[in-house]
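Chain A is the first sequence line, chain B the second, and so forth, proteins listed ahead of strands; every chain is numbered from 1.
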Amino acid sequence: MSQARANPVNAVAMHGALILYTLIALFPVFVILINSFKTRKAIFREPLALPDSDSFSLIGYETVMKQGDFFLYFQNSMIVTVVSLFFILLFGSMAAFALAEYRFKGNMLMGLYLALGIMIPIRIGTVAILEMMVATGLVNTLWALILVYTAQGLPLAVFILSEFMRQVSDDLKSAARVDGLSEYAIFLRLVLPLVRPAMATVAVFNMIPIWNDLWFPLILAPSEETKTLTLGSQVFIGQFVTNWNAVLSALSMAILPVLVLYVIFSRQLIRGLTSGAVK
Amino acid sequence: MAALSLSNVSKSFGKVEVLKDINIEVEDGEFVVFVGPSGCGKSTLLRVIAGLEDATTGDVQIGGVVVNHTPPSRRGIAMVFQSYALYPHLNVYKNMSLALKQERQSKAVIEARVAKACRMLNLEEYLDRYPSELSGGQRQRVAIGRAIVREPRLFLFDEPLSNLDAALRMNTRLEIAGLHDALGASMIYVTHDQTEAMTLADKIVVLRDGRVEQAGSPMELYNNPANQFVAGFLGSPSMNFLPAGFIAKGDDRTIGIRPEDLQLVEEGSLTATVQHVERLGGDTNVIARVDEHKLTARLFGQHSIEQGQTIRLGFSAQRLYYFDAQGRRLS
Ligand SMILES: Nc1ncnc2c1ncn2[C@@H]1O[C@H](COP(=O)(O)OP(=O)(O)OP(=O)(O)O)[C@@H](O)[C@H]1O
Ligand SMILES: [Mg+2]
């Protein structure tokens, strides 16, 4: 182990592989970013060239800023993603704790039922969901999206988190009970910190699909005030002409917040992993 | 007043009856050891006493009060687990002070009690460390410290030494004995190591299959076992059992004889073939065969006995124990 780590050839090979992978993964992002700063002609003439004094242009960003209420879309996407993630993690971890920790009748069945959603795509129920949202008057509100995304994310969250919570040692929870921690305190102050890596994983898994989703915003909340970023960007993609400058600029700006959220969660993930090694 | 009294306690998990009609008294300040083979229900019994499991039937009394429905933290007990069960995300100080914080003790009291426990266990240098940064023995001491700071009426130890190596185990055993003297609290200690049981206990409770086989002082149990199981469980090397027919023809009882009661004598009544010799310096353990029965003799001092040699072993008839076919002791 320590020998493999000390071996310089191995280290170089390992870093080489990782760097190569990073380059491949970042390449599309890079292409989008550089092209968002170029004129339309330059985009098509030399898609891989960096913007220079000739081809540099902010026309894309100007179009995005002028057309539509970009910041509102941005804010909507942010609200929907963050609130949905919060609910997924909150309800998911509470359900997972109950399933993992307590022996009660139907525990197994309940677990299976909650996991069922992993196999059934929620879009199958779109019509019923739309009817429900209409009936409750939630159409064209952000709540419609938040509720749907929370429902969509819960099955996998419960499944992953309950598996992790089962691995927290029984003696540890017993010790906490002897020490006088309530069940809530055991959940919040003992089990949650120990399954933080799993929480971060769940958050990352759920974040991207929610942020990128076009389907439900289009169906449940297409109004101007509730448009999300992905939906808002669609105005630049026409049936006959597509405003590539604007699309690329909008995408570039859409990547940023995801990156920020990802960095936050991945730091949690690493911190969680190291504290999990403390056993 | 009894520190703990269990009356007719039983515990079932579904259809499996793990504890069966257990009656035990622990006096104030007594050191009681539960021993028994793996899976006999020792940990379950301890968890019932702690309140981590509810007894299916029966009463648990601590300090004269029935605590069947009292949560663990208000029973006046503290527990030390086999796996230490330290909170991995808290440092040593916070591990030890958590229970006191939950009790809403003042900061001064918490600090004083933690400092006192640390002094007893030599943990002062480690207060800022996390459990992952401690050795096994240090972790075990922190776990014990976490129990001490609560100043419980009753300590519960569940095989606290089984993860430690032999030398450390002996030291920690002495430390626990010292703690018992210093604190004067009652302690219940679970182990399946009979040396630990014999050396620590005021009273030993031998369990088998969820039943109390016998309870009493170590020497009482050693000298006067109620049945073949207890006789075989206590003592190391353990007691030899032979059909009584070897000594008196037609006798269908089983005799038991302790290894130290066997001697090498010219006219010994048992002729045995030596299978193996363990030389411990002060003692020599001779494992020999009489027909298909294995016998262990513990001889004082050093002997030049070789494998394959035929020896004759003798004993005094007063040192024999007799058991019937069900393993009950016959006088
Ligand atoms: N939660 C549970 N559900 C069902 N059966 C259980 C449960 N806990 C313990 N048992 C059973 O109860 C019996 C006694 O278990 P226990 O842990 O008390 O044994 P033990 O004497 O402490 O053994 P060891 O010396 O190996 O620790 C075992 O047969 C075990 O399978
Ligand atoms: Mg046990």
Over 12 non-hydrogen atoms of neighbours within 6.0 angstrom of CZ in Phe159(A):
no
Between atom OG of Ser83(B) and atom CG of Asp170(A), what is the distance when rounded to the nearest 0.5 Å?
9.0 Å
Does a sphere of radius 6.0 Å around OH in Tyr184(A) hold more than 12 heavy atoms from other residues, nucleotides or ligands, not counting ones at 6.0 Å or beyond?
no
Atom OH of Tyr102(A) with >12 non-hydrogen neighbours under 6.0 angstrom
yes
Minimum heavy-atom distance between Ser73(B) and Gly180(A), given as atom pair plus value
CB-CA, 3.2 Å
Kindly check if the number of other-residue, nucleotide or ligand heavy atoms within 6.0 Å of OH (Tyr113(A)) is above 12?
no
Okay, Ala185(A) and chain B: the region with an atom under 4.5 Å from a heavy atom over there is neither
In this structure, are over 12 heavy atoms from other groups packed under 6.0 Å from Met120(B) atom CE?
yes
With a sphere of 6.0 Å drawn around CZ of Phe187(A), does it hold more than 12 non-hydrogen atoms of other residues, nucleotides or ligands?
yes
Identify which part of Leu86(B) has an atom lying under 4.5 Å from any heavy atom of chain A, answering side chain, backbone, both or neither.
backbone
Distance-only donor-acceptor check, side chains Arg47(B) and Ser174(A), under 3.5 Å:
yes
What do you reckon, is CZ of Phe74(A) surrounded by more than 12 foreign heavy atoms closer than 6.0 Å?
yes
Applying salt bridge (charged side-chain N to carboxylate O under 4.0 Å, His left out), run through Glu53(B) and Arg177(A) and close with a yes or a no.
CA-CA 11 Å; Glu53(B) 305 275 0; Arg177(A) 289 196 179 107; over 6 Å; no
Between Ala143(B) and chain A, with a heavy-atom cut-off of 4.5 Å, which part of the residue counts as in contact: side chain, backbone, both or neither?
neither
Between Asp179(A) and Tyr87(B), is there a side-chain donor-acceptor contact under 3.5 Å, judged purely by atom types and distance?
yes
Do Arg189(A) and Leu98(B) come within less than 4.5 Å of each other through their side chains, counting heavy atoms only?
yes
Atom CZ of residue position Arg166(A) - does it have more than 12 heavy atoms of other residues, nucleotides or ligands inside 6.0 Å?
yes
Heavy-atom closest pair, residues Pro72(B) and Val178(A):
CB-CA, 4.0 Å
Sub-3.5 Å donor-acceptor pair from the side chain of Arg146(B) to the main-chain atoms of Ala175(A), do we have one?
no
